[in-house]
Amino acid sequence: MDRVKVNGKFFKKQIDREAIKKEIKRLAAEIDRDMAGSNPLVICVMTGAMFFAADLLREVSTECEITSVRLKSYEGTGSTGHVSIGGMLKRSEIEGRNLLIVEDIVDTGLSLSSFVSELEESAPASIRIAALLSKPDARKYRVKTDYLAFEIPNLFVVGYGLDYDGYGRGLKEIYILDDNQL
């Protein structure tokens with residue numbers, strides 16, 4: 001489908017499933033190269049990154065432990081300017097570990113910069129970030145992505161885990177908000 005309706009708004013296809021699969025394989029190879037033998041703790045940022053994390057980790061051959069946290073900073077199509085962290089890990093789970101955060105999208109960078117700051121207080125050996133999408137034009141906080149699939153314009157997107165007020169996550173491709181809502 002080139003155009004879908006999600007929660008009353010129309011979206012048009014931006015990135016197809018084959019392009020997503022190709023980038024996931026590339027990222028997995030890079031993660032295997034960089035993190036082989038380090039037994040990283042992979043932290044999936046729920047709920048948006050669950051599809052990306054599942055597909056990515058099926059391609060990664062490096063042995064790793066997997067967990068999740070929940071970061072929330074969006075309502076509707078905009079950021080609230082506040083980050084809530086649910087399910088934060090204990091210091092003993094992080095200290096001395098190599099961490100790989102798997103995130104769906106780096107927008108303003110608020111969520112990830114807040115989360116990384118929290119993690120750094122527990123003295124991990126390293127922190128790396130794998131992101132499906134990045135919106136460099138929206139960036140307000142400094143965030144370094146080590147593994148990035150796609151840079152996109154500063155437009156609202158849904159699909160492949162990304163949602164509009166809880167809807168659209170299950171779409172197999174990534175869609176942008178369609179200005180032509182007719």
Side-chain angles (χ1 to χ4, degrees), residues 17 20-21 23-32 34-76 79-135 141 143-150 157-174:
R17 182 73 180 123
I20 294 169
K21 285 180 183 179
E23 287 303 300
I24 285 173
K25 286 183 184 286
R26 179 184 63 80
L27 295 181
E30 291 177 14
I31 291 166
D32 281 338
D34 296 346
M35 302 192 87
S38 69
N39 188 27
L41 174 61
V42 178
I43 305 169
C44 174
V45 178
M46 298 299 277
T47 300
M50 66 184 179
F51 295 99
F52 174 52
D55 287 347
L56 178 66
L57 294 172
R58 281 193 278 268
E59 296 293 331
V60 169
S61 61
T62 299
E63 184 176 44
C64 56
E65 182 181 351
I66 303 165
T67 191
S68 64
V69 296
R70 187 176 183 110
L71 305 181
K72 184 171 170 124
S73 66
Y74 260 75
E75 277 186 33
S79 176
T80 63
H82 171 73
V83 178
S84 64
I85 302 173
M88 186 59 182
L89 304 164
K90 297 177 190 142
R91 181 180 182 92
S92 62
E93 296 172 296
I94 298 169
E95 190 171 16
R97 296 287 305 268
N98 292 297
L99 308 179
L100 175 63
I101 301 168
V102 179
E103 177 66 292
D104 57 353
I105 189 166
V106 183
D107 197 323
T108 65
L110 174 63
S111 295
L112 269 181
S113 65
S114 298
F115 184 48
V116 168
S117 292
E118 289 284 328
L119 291 172
E120 286 172 337
E121 291 179 15
S122 295
S126 68
I127 300 174
R128 295 183 186 192
I129 297 171
L132 176 65
L133 304 171
S134 175
K135 294 181 184 178
Y141 298 84
V143 174
K144 178 185 179 269
T145 54
D146 301 279
Y147 311 101
L148 176 63
F150 302 98
V157 292
V158 297
Y160 198 67
L162 297 132
D163 73 304
Y164 171 47
D165 280 346
Y167 294 90
R169 288 190 197 280
L171 295 168
K172 293 180 174 95
E173 298 169 303
I174 298 170

*Among Leu99, Ile101, Asp34, whose side chain to side chain contact (heavy atoms under 4.5 Å, CB included) with Arg128 holds?*
Asp34
_Donor-acceptor contact present, side-chain Asp146 to main-chain Ile129, <3.5 Å_ = yes
*When rounded to the nearest 0.5 angstrom, what is the spacing between OG in Ser113 and NZ in Lys144?*
15.5 Å
*Quick check: does any side chain N or O of Thr145 sit under 3.5 Å from a backbone N or O of Tyr147, one acting as donor and the other as acceptor?*
no
*Return the minimal non-hydrogen interatomic distance between Leu148 and Leu132, and the atom names on each side.*
CD1-O, 4.1 Å
*Can you check whether Gly168's main-chain N or O pairs, donor with acceptor, with Asp163's side chain at less than 3.5 Å?*
no
*Is the shortest distance from a Lys or Arg side-chain nitrogen in Glu23 or Arg26 to a carboxylate oxygen in the other one below 4.0 Å?*
yes
_Quick check: closest heavy atoms across Leu56 and Ala130, and the distance to 0.1 Å?_
CD2-CB, 4.2 Å
_Nearest non-hydrogen partners of Thr62 and Ala36, listed with the distance_ = OG1-CA, 3.8 Å
*Show your working on salt bridge (Lys or Arg N to Asp or Glu O under 4.0 Å) between Arg91 and Glu121 and close with a plain yes or no.*
CA-CA 8 Å; Arg91 181 180 182 92; Glu121 291 179 15; over 6 Å; no
*Okay, side chain of Arg97, backbone of Asn39: is any donor-acceptor separation there less than 3.5 Å?*
yes
*With the side chain counted from C-beta on, respond yes when Glu65 and Glu93 share a heavy-atom pair under 4.5 Å apart, and no when they do not.*
no
*Enumerate the residue pairs fulfilling salt bridge (Lys or Arg N to Asp or Glu O under 4.0 Å) with a member in residues 43-56, sequence neighbours excluded, ordered by first and then second residue.*
Arg17-Asp55, Asp55-Arg58
*Work out which heavy atom in Ile127 is nearest to a heavy atom in Glu120; give both atom names and the distance.*
CD1-CG, 3.7 Å
*In Å, rounded to the nearest 0.5 Å, how long is the span from OG of Ser111 to OH of Tyr141?*
10.0 Å
*Between Asp104 and Tyr160, does any side-chain donor sit less than 3.5 Å from a side-chain acceptor?*
no
*Rounded to the nearest 0.5 Å, what separation is found between the NZ atom of Lys90 and the CD atom of Glu95?*
14.0 Å
*To the nearest 0.5 Å, tell me how far Ile20 CD1 sits from Ile174 CD1.*
4.0 Å
*Quick one: pull up CG in Asp32 and CD in Glu30 and give me the separation to the nearest 0.5 Å.*
10.5 Å
_With heavy-atom distances below 4.5 Å as the criterion, would you say the side chains of Leu27 and Phe52 are in contact?_
yes
*Please check if any side-chain donor atom of Arg70 sits under 3.5 Å from a side-chain acceptor atom of Thr47, or the reverse.*
yes
*Where is the tightest heavy-atom contact between Glu63 and Pro40, given as atom of each residue plus distance?*
O-CD, 3.4 Å
*Heavy-atom distance under 4.5 Å between the side chains of Val143 and Val116, does that happen here?*
no
*Taking the side chain as every heavy atom from C-beta outward, state whether Ile105 and Leu162 have any atom pair closer than 4.5 Å.*
yes
*Rounded distance (nearest 0.5 Å) linking atom CG of Leu89 with atom CD of Glu118*: 11.0 Å
*asked:* Could you tell me if the side chain of Ile43 sits less than 4.5 Å from the side chain of Phe115, heavy atoms only?
replied: yes
_Minimum side-chain heavy-atom gap Cys64-Leu100 below 4.5 Å_ = no
*Looking at Val106 and Ala131, what are the two nearest heavy atoms and their distance?*
CG2-CB, 3.9 Å
